[in-house]
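Contents: one structure, followed by commentary.
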Amino acid sequence: MNFCSPETWSNFAGEFIALWTDDTHAYALFKGEFLAVELTGGAYPALSVRHPGAGWFERLTKDLNGHEAQGAHHTATAIEHFRAPDGTAPWPEFATPHAEGLHQIAVGPIHAGIIEPGHFRFSVIGEKILKLEARLGYSHKGTLGLMRGKSPRLAARFAARVSGDATVAHSLAFAHAAESALHMHIPERAVFLRAVMSELERIANHTSDIGAIAGDAGFAFLDARFAWHRESFCAAAQSAFGHRLMMDVVIPGGVAADIFPAGPVAILRALDALEMELPSLQRVFEDYASLQDRLVGTGHISTHLAEKYAAGGFTGRASGRRTDARQDPGYAPYNTVALAIPVETEGDVAARIRIRLAEIVESIRLIRLFLDLPRTPIAVAPPQSSGIGLGVAESFRGSAWHWLKIESGLITNAFIADPSTLHWPLLEHAAITGIVADFPLINKSINASYSGVDL
Amino acid sequence: MVWKTLARHLAAKPAAPRHADAGTTEALSQRLKETSARKLGRSLAIRHVAAGSCNGCELELRATQNMIHDLTRYGLSFTPSPRHADVLLITGVAARNMIDAVRQAREAMPDPAFTIAAGDCAVDGGVFKGSPAITGGADSILPIDLLIPGCPPTPAAIIEALLALLEAQDPPALIMREI
Ligand code: SF4
């Protein structure tokens with residue numbers, strides 16, 4: 001970490017990842033650089049002017065800690081709704097473009113499907129979307145506050161519930177942070193088991209999302225087949241780790257339990273079934289013109305825009321950005337496998353699906369390699385010491401970063417940056433390239449987490 | 001390719017049907033008698049609301065609809081509109097920012113209706129219990145008829161609980177009688 005002057009802070013030109021504050025400092029994480037600047041009068045210089053991705057983080061520091069970003073253009077609250085005790089709140093102002101024939105469509109917080117809550121405000125002319133504003137914070141649960149005063153092992157339960165679909169990745173990032181703060185060395189077997197779980201989680205999410213996008217385009221066959229595969233991966237996770245989503249298995253110091261004896265066979269069987277059917281499912285995607293018509297060119301995110309917001313995960317990789325936390329900064333055991341990272345430049349829904357299909361293939365390869373597990377213990381106990389740690393893990397949607405301050409074995413401060421934080425503003429941009437009917441496809445193709453940013 | 005796969009799966013059998021747990025059914029039917037003996041019949045439309053979840057519960061709720069668990073074969077289905085719903089199924093804690101929306105969803109539903117809290121968070125706040133950002137489980141917003149514990153509850157557990165709801169009701173009066 002580099003303690004720097006407000007000038008260095010404001011003028012730093014690197015790739016922005018995350019920003020947060022504690023009682024005395026504001027911290028900014030850039031690619032390969034970690035800056036801290038002292039708070040003056042509860043304020044710090046805004047970064048969002050130079051790095052638009054910092055906007056949400058700045059609004060969040062205001063809502064969580066009351067710290068002001070000086071010079072920020074967008075100062076609306078992030079998760080604070082100013083609720084009265086009876087739950088009602090003043091209706092927020094939405095920025096409305098001025099245009100003839102414009103009207104607004106309000107969607108949410110309760111959505112039509114079985115998904116998390118959030119409000120979307122579309123300003124439209126006819127079918128064309130002129131502007132989309134997302135209002136989040138509905139599922140704010142106070143996760144960061146709950147972590148304070150707890151041991152890393154106990155607080156791991158909150159990390160596992162930052163975003164249920166990325167529970168392994170968040171648990172892993174949290175464990176990495178705790179392990180770096182407490183200078184722990186993790187047994188080899190745990191490292192490999194964690195990687196097996198991470199890749200299983202990636203496949204499970206990619207399959208269900210790809211299917212769901214096809215389903216939204218009215219193509220029930222693909223939806224059904226991909227949902228079937230997702231189900232078989234959840235069942236395999238159950239046989240291998242005792243939980244369909246593998247929640248609470250990754251803990252600081254290693255893993256909570258070894259893989260069950262029936263696990264490897266169940267996993268390999270699910271992998272084989274998917275590998276066998278995947279090429280034909282991919283062909284269906286590519287061959288059906290009515291499906292391609294809905295996906296190609298839809299929800300376009302230019303490379304320039306993706307760069308500006310430092311988009312990660314398949315969202316970034318479909319828009320020309322070769323980023324993957326498994327490789328850069330990298331963590332074990334991925335340094336042993338020559339990771340293949342698919343990259344495309346089209347930046348539309350179809351490209352994001354192609355990237356995810358390619359990632360499935362790579363994850364299948366990796367799991368088979370990683371299942372050759374070293375024979376070592378599976379965990380070490382965290383010491384009662386102090387330290388500051390930063391941890392990262394590549395979730396299926398991008399890099400999840402956790403920051404922990406630990407004193408005498410108890411967490412005194414924490415911050416969590418889900419990759420969705422950088423993707424929500426991109427969704428607002430991607431939406432205006434399309435019509436209202438395309439929005440569900442665009443939304444699902446990025447699949448930003450609500451819970452992950454509401455915290 | 002589509003046709004070949006479709007043909008192959010025509011011959012495949014669905015998973016063995018699940019059954020409601022007798023104990024849950026008994027307790028539930030007792031409770032329904034005490035409250036109002038509401039009768040909704042065997043085909044229920046469910047409106048799901050996430051009131052502050054981590055999205056794990058939603059994943060498993062969605063999985064009840066896949067072709068393995070196949071919720072619709074029991075006459076149960078999810079509906080986007082509260083106006084068509086017989087059941088309000090809540091997942092997640094009662095996040096302060098969602099309380100108003102949950103209440104409005106219930107008000108938009110016709111009576112009578114059942115309310116279900118699915119997942120440990122909705123049951124009593126789960127791991128988030130005690131956070132100032134929440135008021136507790138779903139029962140801190142509305143009276144709840146049925147609890148489905150689990151973090152998240154498995155699709156099988158969700159289906160079994162919903163079946164208990166069907167079994168626990170007295171058989172609906174025959175419409176024929178009124179003609
Ligand atoms: S019960 Fe568990 S899976 Fe469900 S919302 Fe709560 S933390 Fe997530």
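This is a predicted model, so every value here is computed, not measured. Here is how names work: the chains are called A, B, and so on, in the same order as the sequence lines, proteins then strands, and each is numbered from 1.
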CD1-OH distance between B:Ile99 and A:Tyr138, expressed to the nearest 0.5 angstrom: 13.5 Å
Turns out that what part of A:Tyr450 lies under 4.5 Å from chain B's heavy atoms comes down to neither
Which atoms of A:Arg225 approach chain B - backbone, side chain, both or neither, heavy atom under 4.5 Å: both
Between A:Leu222 and chain B, with a heavy-atom cut-off of 4.5 Å, which part of the residue counts as in contact: side chain, backbone, both or neither? neither
Quick one: which of A:Val162, A:Asp223, A:Asp165 has the most heavy-atom pairs under 4.5 Å with chain B, could you say? A:Asp165
How close do A:Pro117 and B:Ala50 get, heavy atom to heavy atom, and via which atoms? CG-O, 3.4 Å
Under 4.5 Å heavy-atom distance to chain B, tell me which part of A:Leu146 shows up: side chain, backbone, both or neither. side chain
Got A:Arg230 and B:Leu59 here, is their nearest side-chain heavy-atom distance under 4.5 Å? yes
Interchain contact, B:Val127 with chain A, by part (heavy-atom threshold 4.5 Å): both
Considering only heavy atoms from C-beta outward, does the side chain of B:Arg62 approach that of A:Ser208 to under 4.5 Å? no
Tell me whether B:His69 contacts the main-chain N or O of A:Glu231 through its side chain, where contact means a donor paired with an acceptor under 3.5 Å. no
Residue among B:Pro132, B:Ser81, B:Pro155, B:Gly92 with most heavy-atom pairs under 4.5 Å to chain A: B:Pro155
Proximal component of B:Phe78, with respect to chain A [non-hydrogen, under 4.5 Å]: side chain
If I take atom CD1 from residue A:Ile114 and atom OG1 from residue B:Thr64, how far apart are they, to the nearest 0.5 angstrom? 6.0 Å
Here the gap from B:Cys54 atom SG to A:Asp454 atom CG, rounded to the nearest 0.5 Å, amounts to 12.0 Å
Is the backbone of A:Arg83 close enough, under 3.5 Å, to the side chain of B:Asn97 for a donor and an acceptor to pair up by distance? no
Sub-4.5 Å side-chain heavy-atom contact between B:Arg96 and A:His81: no
All heavy atoms of A:Arg244 vs all of B:Ala63, minimum pair found to be NH2-CB, 3.9 Å
B:Gln65 versus chain A, the contacting section by heavy-atom distance below 4.5 Å: side chain
Tell me, for A:Leu245 versus chain B, whether the close heavy atoms (under 4.5 Å) come from the side chain, the backbone, both or neither. side chain
Please check this pair: side chain of A:Lys141 against backbone of B:Ser53, looking for a donor-acceptor N/O pair closer than 3.5 Å. yes
Please assess A:His140 against B:Ile134 for the test side chain to side chain contact (heavy atoms under 4.5 Å, CB included), listing each intermediate value before the final yes or no. CA-CA 8 Å; A:His140 173 56; B:Ile134 72 171; over 6 Å; no
Check whether more than 12 heavy atoms from other residues, nucleotides or ligands sit under 6.0 Å from atom CZ of B:Arg83, and answer yes or no. no
Heavy-atom nearest pair, B:Ala105 first then A:Ile110, reads CB-CD1, 3.8 Å
Evaluate whether atom CZ of A:Arg135 has more than 12 neighbouring non-hydrogen atoms of other residues, nucleotides or ligands under 6.0 angstrom away. yes
Closest approach of A:Ser139 to B:Ala95 (non-hydrogen atoms, all atoms of both residues): CA-CB, 4.3 Å
Cut-off 4.5 Å, heavy atoms of chain A, and the answer for B:Pro152 is both
Would you say B:Asn55 and A:Glu116 make side-chain contact, with heavy atoms under 4.5 Å? yes
With a 4.5 angstrom heavy-atom cut-off, could you sort out which part of A:His243 is near chain B: side chain, backbone, both or neither? side chain
Heavy-atom cut-off 4.5 Å, strictly under: side chain, backbone, both or neither for B:Cys57 against chain A? neither
Locate the shortest heavy-atom distance separating B:Asn66 from A:Ala227; write the atom from each residue and the value. CB-CB, 4.0 Å
